[in-house]
Amino acid sequence: MNELITRLAVITVCVIVLAAAVIFIIAGINSDGGSSPDIGDISESFFSEDDGEVLPADVSVTVSDPQTEASSASAVKTGSETAPGGSADTLDSEDTSVSRTIITSRVRKEYDSNSVYIDMENVLQLPELPVGCEITALTILLRHCGFDADKTDLAKNYLPQSWGNPRYEDGKTYKDSFFDYFIGDPFSRGYGCFASAIEKAANSYIADHGGGFTVKNISGSHPDVLYDYLAEDVPVLCWATDGMIEPEYYETWYDNETGEQLDWYLNEHCFVLAGFNMNADIVTLNDPMKGIIDYNINRFETRYDQMYRQAIVIIPEDGHAYSKASGTSETQAAETKSPETETVTETGTETEIEPGTENASDTDISSETAADGGWIWDDSGELEDAEELGD
């Protein structure tokens, strides 16, 4: 019996020693072969700055869209009409100057019953009003009515302005409404405003300068209503986005007066709708940032809808008319006029714009499109078919 116990003990010890030897051998192989590196090795390898290093196949890399990146990187509303978060000087320090043709006036060579264009003076918001597209668009419209309107005078003396008057209640932020006030300062930075604020500015200015015109807030109107006004030689001040790019949600607060929820989106922009061509599927805008420019009609209608369908018209009363100096719609006149040009200052660089010139970095203009004096930009600044541009 004792001999049996002794043998079992010896066998047990041998098994333990053998198991230990196997574990030791396996551990040695892993150490030499590098089959299971530690976490520190993975981290150091993944963030290596060696340009020749290839990331593992199972690593997902997300590349931001350049336009979204540009609008998000700076929350300064500077022509692209974004929301606040810095000074207008922020962009001035960057070398982002571009050469761009800005057409400030034109009359189409050809037109028909499906095409309307109202020629009027263009006014650019820069450099005085980097975020003042709304009041500059009103300046364009008032000058078309024959008033000697000045954009800076309108911005200082007529535009309802507020920094929001924020307060906090029950975990919610309350501010003044951007429908009723320009939130910020059009001379520096701010969110912007919508139709009611511009309606107030227009009514006050017209009352101070002799009257004769009625301001109508037609916000909520279907796009066809805007085209009906154009067909009656009435241009429309309206809202969409800068360059017709997708609006980007930025902030929510609640109206100080009504408690209504207000959602603000980046890239809000205001201009005067000056024409349309149904055969070519384009609208023509008198833009305070880009001059006279065409966009795909479907893209415009989508952005107009996303910006709460905001629109205003100014209609002559009995005995008054739009200024003849501002031009007439193309359904009334077939004259051909060479484009006027503007000298534009961008990020501190003054660039003289010449008629008929263009830069490949902004847009590719086909000979057919350039011949009638207009072009269509897509989000990337390149010309595309109307069907491709529609949302």
Side-chain angles (χ1 to χ4, degrees), residues 75 77 80-85 125 129 131-142 151 154-169 172-207 214-223 225-226 229 235-242 247-273 288 300-315:
K77 180 185 167 199
S80 60
E81 309 307 319
T82 58
Q125 64 189 82
L129 302 173
V131 295
C133 62
E134 303 94 346
I135 202 66
T136 306
L138 177 59
T139 304
I140 293 171
L141 201 53
L142 288 171
K151 62 183 181 182
L154 282 162
K156 288 178 181 178
N157 302 312
Y158 294 96
L159 180 65
Q161 297 179 43
S162 168
W163 282 104
N165 296 313
R167 61 185 177 88
Y168 308 94
E169 183 178 320
K172 295 181 179 179
T173 300
Y174 288 81
K175 297 181 186 179
D176 293 338
S177 172
F178 45 72
F179 288 97
D180 299 320
Y181 300 92
F182 183 98
I183 307 299
D185 179 4
F187 290 90
S188 58
R189 62 187 181 92
Y191 290 76
C193 66
F194 284 120
S196 295
I198 296 302
E199 179 186 12
K200 293 175 185 176
N203 276 321
S204 296
Y205 182 89
I206 291 172
T214 298
V215 181
K216 291 184 64 176
N217 188 335
I218 59 171
S219 295
S221 297
H222 188 278
V225 174
L226 311 188
Y229 274 105
V236 183
L237 190 153
C238 59
W239 279 255
T241 62
D242 184 39
E248 180 182 351
Y249 168 78
Y250 183 75
E251 184 180 351
T252 292
W253 68 81
Y254 296 85
D255 188 351
N256 268 331
E257 294 187 6
T258 67
E260 176 188 5
Q261 178 175 318
L262 302 170
D263 297 322
W264 181 260
Y265 291 84
L266 302 180
N267 307 317
E268 167 264 343
H269 195 44
C270 184
F271 25 64
V272 178
L273 180 62
F300 163 74
E301 291 179 1
T302 297
R303 303 302 181 228
Y304 166 72
D305 186 64
Q306 290 172 316
M307 287 291 108
Y308 306 105
R309 289 191 173 187
Q310 298 289 293
I312 284 176
V313 292
I314 300 179
I315 301 175

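Counting heavy atoms from C-beta on, the side chains of Phe271 and Ile140 never come closer than 4.5 Å. Counting only heavy atoms from C-beta outward, the side chains of Val313 and Leu226 never approach each other to under 4.5 Å. By the 4.5 Å heavy-atom criterion applied to side chains, Gln306 and Tyr265 are not counted as neighbours. You'll find the side chain of Ile218 reaches within 4.5 Å of the side chain of Tyr229, heavy atoms only. Taking the side chain as every heavy atom from C-beta outward, Gln310 and Glu134 never approach each other to under 4.5 Å. Side-chain atoms of Trp239 and Phe194, non-hydrogen and from C-beta on, do get closer than 4.5 Å to each other.
Applying the side-chain hydrogen bond (donor to acceptor under 3.5 Å, both in side chains) criterion to Lys156, with sequence neighbours excluded, gives no partner residue. Taking Tyr249 as the reference, Thr252 meet the side-chain hydrogen bond (donor to acceptor under 3.5 Å, both in side chains) condition, with sequence neighbours excluded. With sequence neighbours excluded, the residues forming a salt bridge (charged side-chain N to carboxylate O under 4.0 Å, His left out) with Glu169 are Arg167, listed by chain and number. The salt bridge (charged side-chain N to carboxylate O under 4.0 Å, His left out) test applied to Asp255 returns no partner, not counting sequence neighbours. With sequence neighbours excluded, no residue forms a side-chain hydrogen bond (donor to acceptor under 3.5 Å, both in side chains) with Gln161. In this structure, Asp180 has no side-chain hydrogen bond (donor to acceptor under 3.5 Å, both in side chains) partners at least two apart in sequence or on a different chain.
Here the straight-line distance linking atom CG of Leu138 with atom NZ of Lys151 works out to 13.5 Å at 0.5 Å rounding. Separation of atoms OH (Tyr205) and CD1 (Ile198) is listed at 14.0 Å; rounding is to 0.5 Å. Interatomic distance, CG of Asn217 versus OG of Ser196, reported as 5.0 Å (0.5 Å rounding). We find the CG-CG distance between Leu129 and Leu159 to be 9.5 Å, quoted to the nearest 0.5 Å. Summarising the geometry, atom CD belonging to Glu260 is positioned 12.0 Å from atom CH2 belonging to Trp253; distances are rounded to the nearest 0.5 Å. We find the CE-SG distance between Met307 and Cys238 to be 12.5 Å, quoted to the nearest 0.5 Å.
For the residue pair Pro186 and Ala155, the shortest heavy atom distance occurs at CG-CB, 4.1 Å. Listed here is the closest heavy atom pair of Ala201 and Ile135: CB-CD1, 4.2 Å. Shortest non-hydrogen contact noted between Ala195 and Ile312 is O-CD1, 3.2 Å. Gly132 and Gln125 get closest at one heavy-atom pair: N-NE2, 3.7 Å. The heavy-atom pair separating His222 from Arg309 by the smallest distance is CA-NH1, 3.7 Å. Ala137 and Pro288 get closest at one heavy-atom pair: N-CG, 3.9 Å.
Within 6.0 Å of NZ in Lys216 there are 12 or fewer heavy atoms belonging to other residues, nucleotides or ligands.
A donor-acceptor pair under 3.5 Å is formed between the side chain of Ser219 and the backbone N or O of Ala311. Panel note: side chain Asp176, backbone Tyr181; no donor-acceptor pair is recorded below 3.5 Å. Not a single donor-acceptor pair under 3.5 Å links the side chain of Asp305 to the backbone N or O of Glu301.
The aromatic rings of Tyr304 and Phe300 sit parallel, their planes meeting at an angle under 30°, below the 60° perpendicular limit.
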For side-chain contact (heavy atoms from CB on, under 4.5 Å), just list the numbers for Leu262 and Phe179, CA-CA rounded to whole Å, side-chain angles, deciding distance to a tenth of an Å, and then say yes or no.
-> CA-CA 9 Å; Leu262 302 170; Phe179 288 97; 3.9 Å; yes
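Two rings, from Phe178 and Tyr191, have their centers 6.0 Å or more apart.
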